[in-house]
S.K.: 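There's a structure below that I have some questions on.
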Amino acid sequence: MAVMNIIQAVNDALRLEMRRDPSVLVMGEDVGKFGGVFRATVGLYDEFGPDRSIDTPLSEGGIIGTAIGMATYGLRPVAEIQFADYIFPAFDQIVNELAKLRYRSGGQYTAPMVIRAPCGGGIRGGHYHSQSPEAYFIHTAGLKVVMPSSPADAKGLLISSIRDPDPVVFFEPKRVYRGRPVEGRITPWDQDVPEGEHTVPLGEAALLREGRHVTLATYGAMVHESVEAARLVAKEGLEVEVIDLRTLWPVDVEALVGSVKKTGRFVVVHEAPRTCGFAAELVTLVSEKAFLHLEAPPARVTGWDTPFPCTLENDYMPMTPRIVDALRRTARF
Amino acid sequence: MAVMNIIQAVNDALRLEMRRDPSVLVMGEDVGKFGGVFRATVGLYDEFGPDRSIDTPLSEGGIIGTAIGMATYGLRPVAEIQFADYIFPAFDQIVNELAKLRYRSGGQYTAPMVIRAPCGGGIRGGHYHSQSPEAYFIHTAGLKVVMPSSPADAKGLLISSIRDPDPVVFFEPKRVYRGRPVEGRITPWDQDVPEGEHTVPLGEAALLREGRHVTLATYGAMVHESVEAARLVAKEGLEVEVIDLRTLWPVDVEALVGSVKKTGRFVVVHEAPRTCGFAAELVTLVSEKAFLHLEAPPARVTGWDTPFPCTLENDYMPMTPRIVDALRRTARF
Amino acid sequence: MTPLASRETPQGPLRILRDDDQAPEVPIEPGELARMYRTMLLARNLDDRLIRLQRQGRISFHIGSLGEEAAIVGSAAAMLPADWIWPCYREFAAALYRGMPLEAYLDNMFGNADDPSRGRQMPDHWTGRAWNVGSVSSPVGTQIAQAPGMAWAAKRRGDDVAVLVYFGEGATSEGDFHVGLNFAGVFKAPCIFFCRNNGWAISVPASRQTASKSIAVKATAYGVAGVQVDGNDVLAVHRAVREARERCRRGEGATLIEALTYRLGPHSTSDDPRGYRKEEEVEPWRAADPLPRFRRYLEQRGLWSDADEERVTAEIESEIRAAIEVAERKGPPPLESLFDDVYARRPWHLEEQYREALRLREEG
Amino acid sequence: MTPLASRETPQGPLRILRDDDQAPEVPIEPGELARMYRTMLLARNLDDRLIRLQRQGRISFHIGSLGEEAAIVGSAAAMLPADWIWPCYREFAAALYRGMPLEAYLDNMFGNADDPSRGRQMPDHWTGRAWNVGSVSSPVGTQIAQAPGMAWAAKRRGDDVAVLVYFGEGATSEGDFHVGLNFAGVFKAPCIFFCRNNGWAISVPASRQTASKSIAVKATAYGVAGVQVDGNDVLAVHRAVREARERCRRGEGATLIEALTYRLGPHSTSDDPRGYRKEEEVEPWRAADPLPRFRRYLEQRGLWSDADEERVTAEIESEIRAAIEVAERKGPPPLESLFDDVYARRPWHLEEQYREALRLREEG
Ligand SMILES: Cc1ncc(C[n+]2csc(CCOP(=O)(O)OP(=O)(O)O)c2C)c(N)n1
Ligand SMILES: Cc1ncc(C[n+]2csc(CCOP(=O)(O)OP(=O)(O)O)c2C)c(N)n1
Ligand SMILES: [Mg+2]
Ligand SMILES: [Mg+2]
């Protein structure tokens, strides 16, 4: 076991996989010599050289297009998009090409690869350093979408993603990249992480807290706000079951539906804008599969339907007080 | 009144708006001299010349980027994306630029414009000539999203979209572009369309059929499948209220919720893939706003979560039999 | 060739087949020359037949190579068997030349149960992995951004494999053209960018795509070699590609080749070019038809005769007829195929959706 | 200038300020020359002050122009008042030169209630419509694809307005660079593409962006004029842009200008360049600092003196101090501003969300 933050855990996963499998490589803007603007690929250039830790020209479309080509030929690229906000110049390559290659070729060609992208707000980054674009990719058939919330999961999920036969979009919640132990809070960051081989299977949610009154599903940085909210309302006797989805798609539907069947109430928390966000999918799934168990309307606690702001970002993101409010209202309904 | 199909109605709307306002222009691949691969801009080059009916190089990013520049300077471009499947190279310009320009500049700059894109399946076009990408744009704050189902609405909504102060993504269901009167069906295409000035306000749904047992919300080509399904189940005594949303976002929430409060049952039909599709948003909205009225789980009748296929496209799209099935099951629940 | 003149660079495009039908030093085996010509004939015949099938409603679509056969076959023939060829949508002749059976091609045209892509894509959107041939995608230009990755991967693996990627001059306007060429330049990828400049992108003339003097000159912007070649001269195309292939082998990186040719037919069966171009423009290009031009060369070398032409044409026709008959009779792919290959394994939601689709089919 | 040599094109970049600090025929009014220099000084001082503010945690971020002041001010000064200037993120000096008040700039730096963009964007992401200055966007290169549209719109309206659009050499790798230049070429848009080639894109050297000989040479690929200029020579930059502006007026279309300069500071306050570049590389560029170079020229013409320098520096410092004091004391924008300007009018769902946010603020 070693104490790591998420960045270190990501770095550890990359290093281990690159040692294990010579076809694995990292690529992107500033990822090579410099080790990435968030330092996720630091040291890999020294250990594996410029052919496996690749500084690319400044083009996300080029990064993903080239990575698709590499993967098609048999390499296993882990491509970094410097901020999730900058994934859109590569959107066509991801949605029309990467996601459809296996299907359109009847399995003749595949491009298993991982796209890593730091996402989310909380660093005063405004419109273009704060977005949470997961819904776009969840809506796209052929992609898997993952977002860890803790160092151990970051490591285990990233290793699983690299080994997965399908393309994975791997979002990293940058607000909790470096951990931030907060007085009195459960902080699953700066955490003990297994050294060496450690995998967390894709498609399995984590039950972070058991409870019988409300089910709360969330992921990424909002896990920590949610756990804190659950802790606060527990003092009022409200027992919240907190589920960290970890793999967003394909989601662990059994964990979700099983819990809601038990609690009868459902709250989803995410930073991304509300309309057509992933919360809508989760609410609908639960309503389809546990309708008769629902005792209150499922609630969405999400970013507002505006571009991500700067000064007022704490009014934008669904922080603990808003989650507490939603839990109380849902429980009281 | 004149009998028109959707293509003719779109053409009529463009011509009238170009006559009314010299800042309106059309642009895109093949839209100028040739009049568009679907003939939507035919005749505009002759009447308005190459500066207002513009053949562009083959680049969707360039089309939208340039259009944003034009709109910022005060022109009113109506940009055609030849197929909605090809909108993704312009995704960054739409999502990061067009949608956010007003917000990020505090209203100093705006880029009111319309992006027209034929969408949807039913023409044996496979992966890349059949997609329905509306959810990506509905999820993006700052955009309005419109999809007509009939010639009269196509004309009225397009004129409103061109005059709207916000950017509008205007999807045209190409399967019903040219009308196809089908024996015994209500076919709101090849329809009488008001000549001259005719607007349909954005944000107002159309009630196509009243009913008291189930509310069915849909849009685009699936309106016609849905109306037929409603007609069929009416023979069994099942009275379905059919709502054509027309403006997808901001949606006419009152019409929707009002109807569900009356019927207690809700079915959404769209061609786009199910997961994180617009149906999830509509189901969630209704569950948030009419929870206690719901007597059955809202049902989604949608495309499957696969790329759009070719040979089996009629198994992919939610055609009348599937809608009938969902209506019966929802009514029986 | 008159029609080329207007689009020539100062040096003029590379030509080998002279007006007197001779050609100096052609380093291609006679057998291969004949095979090249035969493939061009096959493509020509297929185009003709498939357009008729589409008019009869027996297939839904075809996008042909009429007039561009020399550019397509000449380039494919210059590559080595281990090389990768990544197509645009007009290069079925390249795949057939590489060995993809006519049957496999027609299975895709009919989208039947035996289509290796299981009827999921439109006609003319085939995949030929077994012959190191790529997967056709409709979005214009996407393959250009991918090819450098394949080429670089081959280089890193130490394989002597180069990648030939096809596209039209319209595709050069897409961002993907830029990023593909730029990455190839920076990474010295063994990649050959082959632009069929056929004069038109549907209704838009090449002059509207770019204000640059030529497509080949764009190579300068990426520090890669740029070559302009007479695309209706199959030997010149072969030479240009073979030279680019040599540069790849020598580690000198990528080449952008512009083959000047002309789309003699419509863009596809969905198109009628009379709406946007004049017959006067087409006429000189008809006279420059690459098939008779190549045939005259073969004839003067004694490698081809009227008898060969007749015999091979008859062979081709009967092959095509037989293959169509078989392909057309095959049923559609099974419902299950709709839900496979989205992922390596079918996840729970697709399993549910498959069961729902099955129930609906059985009940309806 | 030693440091330029390695990146010169055969002809070498345009230079006007000679090593003896003289310059022939400078057609700029003395008053304007002084104003240019003053703005460069202001930018230099602001950079210094803002970096300190960021270290003190009083602002969250700054991205500076240290070493690039000549490229930025020289280009902005060459444009006419009705022209549009569309910035990247380093050109606050261009906006200030055009008349945007220091207060407005600092309101953005603090994201306060008076920020014209209402604290919605990061520091250094301002908008200056009143001065025909654009809106800063972080995504690299997006403005390049938009500028030709503005320029073409102006031309169609019959306005004598040209558009100057800024970007770094890193941005030339994006697809948007390609499509912007290509559309400008095809539409003969009166547009000036101004690339600050400052040697680095964060940690990536210019040599890694492209294998082409220069950025300027890429103009060939689009049929537009290409010019390379010594970006630390404010007079050469002014001349290159003014000549491009003349081409616009004469209807000759766009120009791509590559200004060779150097980012003397970090990429931004989030960056530490010691992690990727050696001090030896920076040193010669420090010696080529555009401010003393311009000052020596002004001095030898008798347009500037030590006394001027002292007086103006003091003026600038107190202006900055005063503006910071005011800006810092202003409160944040009102909650309502979060929900405005998403659309022209607030739709039902944002009205609902605003009310929800308000309730939460009031209750919490
Ligand atoms: C991204 C994208 N935009 C538009 C289209 C529609 N389209 C199909 S082919 C074509 C013209 C292509 O021209 P060119 O690249 O010259 O190739 P050619 O057809 O002449 O071989 C267009 C616009 C498309 N398939 N993909
Ligand atoms: C699309 C996009 N990708 C990545 C980034 C992150 N990023 C910000 S600035 C920068 C480097 C830009 O270099 P250059 O264009 O040379 O401009 P400079 O900073 O040197 O002025 C990068 C990679 C971004 N802002 N946008
Ligand atoms: Mg072409
Ligand atoms: Mg730079």
Side-chain angles (χ1 to χ4, degrees), chain A residues 60-61 85-96 99-100 103-104 126-128 131 133-142 249-251 268 272-285 287-292 294 296-300 303-309 333, chain B residues 60-61 85-96 99-100 103-104 126-128 131 133-142 249-251 268 272-285 287-292 294 296-300 303-309 333:
Chain A
E60 292 71 20
D85 314 69
Y86 304 137
I87 203 166
F88 303 124
F91 203 69
D92 190 47
Q93 284 288 343
I94 298 172
V95 164
N96 265 342
K100 296 179 174 54
Y103 196 72
R104 80 169 192 235
H127 292 26
Y128 298 118
Q131 294 176 55
E134 64 272 12
Y136 298 120
F137 301 97
I138 297 170
H139 185 52
T140 304
W249 202 256
V251 74
V268 188
R274 177 173 300 182
T275 296
C276 253
F278 188 37
E281 178 59 37
L282 295 173
V283 166
T284 304
L285 274 180
S287 140
E288 284 168 348
K289 293 178 186 298
F291 183 75
L292 293 177
L294 280 175
R300 294 187 279 184
W304 310 119
D305 285 318
T306 73
F308 199 102
F333 183 86
Chain B
E60 291 73 18
D85 314 68
Y86 304 136
I87 204 166
F88 303 125
F91 203 68
D92 189 47
Q93 284 288 343
I94 297 172
V95 164
N96 265 341
K100 297 179 174 52
Y103 196 72
R104 79 168 193 237
H127 292 25
Y128 298 119
Q131 294 175 55
E134 63 272 12
Y136 298 119
F137 302 97
I138 297 170
H139 185 52
T140 304
W249 203 257
V251 73
V268 188
R274 177 173 300 183
T275 297
C276 253
F278 189 38
E281 177 60 36
L282 296 173
V283 166
T284 305
L285 274 179
S287 139
E288 284 168 348
K289 293 176 186 297
F291 183 74
L292 293 177
L294 280 175
R300 294 188 279 184
W304 310 118
D305 285 318
T306 74
F308 199 102
F333 183 87

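Naming: A, B, ... by sequence-line order, numbering from 1 per chain. Just so it is clear, the model here is predicted, and its values are computed rather than measured. In what follows, every heavy atom counts, from backbone to side chain, and hydrogens, waters and symmetry copies are set aside.
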S.K.: Please identify, among Ala99(B), Cys276(B), Gly277(B), Gly61(B), the residue contributing the most non-hydrogen atom pairs under 4.5 Å to chain A.
M.R.: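 Ranked by heavy-atom pairs under 4.5 Å with chain A, first place is Cys276(B).
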S.K.: Looking at Ala279(A), Ala296(A), Ala299(A), Gly142(A), which one has more heavy-atom pairs under 4.5 Å with chain B than the rest?
M.R.: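 Heavy-atom pairs under 4.5 Å are most numerous for Ala296(A).
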S.K.: Identify which of Thr306(A), Val283(A), Asp305(A), Asn96(A) forms the greatest number of heavy-atom pairs closer than 4.5 Å to chain B.
M.R.: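 Option with the greatest count: Asn96(A).
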S.K.: Counting heavy-atom pairs closer than 4.5 Å to chain A, which one of Lys289(B), His127(B), Glu60(B) comes out on top?
M.R.: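 Of the options given, most contacts go to His127(B).
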S.K.: Which one, Glu281(A), Arg274(A), Arg104(A), leads in non-hydrogen pairs under 4.5 Å with chain B?
M.R.: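 Option with the top pair count is Glu281(A).
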S.K.: Which atoms of Phe88(A) come close to chain B, meaning under 4.5 Å heavy atom to heavy atom: side chain ones, backbone ones, both, or neither?
M.R.: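 For Phe88(A), backbone and side chain are both near chain B.
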S.K.: Keeping the roles fixed (side chain from His139(B), backbone from Thr275(A)), state whether a donor-acceptor pair exists under 3.5 Å.
M.R.: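 Yes; judged by distance alone, with no hydrogens or angles, the pair exists.
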S.K.: Checking Tyr86(B) side chain against Tyr128(B) main chain: does a donor-acceptor pair fall under 3.5 Å?
M.R.: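 Yes.
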S.K.: Who wins among Ala141(A), Pro133(A), Pro309(A), Gly126(A) for the most heavy-atom pairs under 4.5 Å with chain B?
M.R.: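 Looking at each option in turn, the highest pair count goes to Ala141(A).
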S.K.: Please state whether the side chain, the backbone, both or neither of Gln93(B) comes within less than 4.5 Å of a heavy atom of chain A.
M.R.: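 For Gln93(B), neither part sits under 4.5 Å from chain A.
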S.K.: Determine the minimum heavy-atom distance between Ser287(A) and Pro297(B), stating which atoms define it.
M.R.: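 Between these two residues, the closest heavy atoms are O-CB, 3.5 Å.
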S.K.: Check the angle between the aromatic planes of Phe137(B) and Phe91(B) and answer parallel, tilted or perpendicular using the 30° and 60° thresholds.
M.R.: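 Because their plane-to-plane angle is over 60°, the rings of Phe137(B) and Phe91(B) count as perpendicular.
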S.K.: Keeping Asp85(A) on the side-chain end and Gln131(A) on the backbone end, is there a donor-acceptor pair under 3.5 Å?
M.R.: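 Looks like yes, one N/O pair under 3.5 Å.
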S.K.: Given a strict heavy-atom distance threshold of 4.5 Å, which part of Ala90(A) is in contact with chain B: side chain, backbone, both, or neither?
M.R.: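 Contact with chain B: none, neither part.
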S.K.: Tell me, side chain or backbone of Trp249(A) under 4.5 Å from chain B's heavy atoms, or both, or neither?
M.R.: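 The side chain, not the backbone.
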S.K.: Could you tell me which portion of Arg300(A) (side chain, backbone, both or neither) has an atom closer than 4.5 angstrom to a non-hydrogen atom of chain B?
M.R.: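 Contact with chain B is through both the backbone and side chain of Arg300(A).
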S.K.: When rounded to the nearest 0.5 angstrom, what is the spacing between OG1 in Thr140(A) and CD1 in Ile94(A)?
M.R.: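 Separation between the atoms: 9.0 Å.
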S.K.: Of the backbone (N, CA, C, O) and the side chain (C-beta and beyond), which part of Leu292(B) lies under 4.5 Å from a heavy atom of chain A, both, or neither?
M.R.: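 Interface part for Leu292(B): side chain.
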S.K.: Should Val251(B) and Phe278(B) count as side-chain neighbours, where that means a heavy-atom distance under 4.5 Å?
M.R.: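 Yes. Closest side-chain heavy atoms under 4.5 Å.
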S.K.: Just verifying a value: how many Å separate Tyr103(B) OH and Phe308(A) CZ, rounded to the nearest 0.5 Å?
M.R.: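 Answer rounded to 0.5 Å: 10.0 Å.
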S.K.: To the nearest 0.5 angstrom, please state how far the OG1 atom of Thr284(B) sits from the CD atom of Glu288(B).
M.R.: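 It is 6.5 Å, given to the nearest 0.5 Å.
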S.K.: Side chain from CB out, backbone as N, CA, C, O: work out which of these in Ala290(B) comes under 4.5 Å of a heavy atom of chain A, or both, or neither.
M.R.: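 Contact with chain A: none, neither part.
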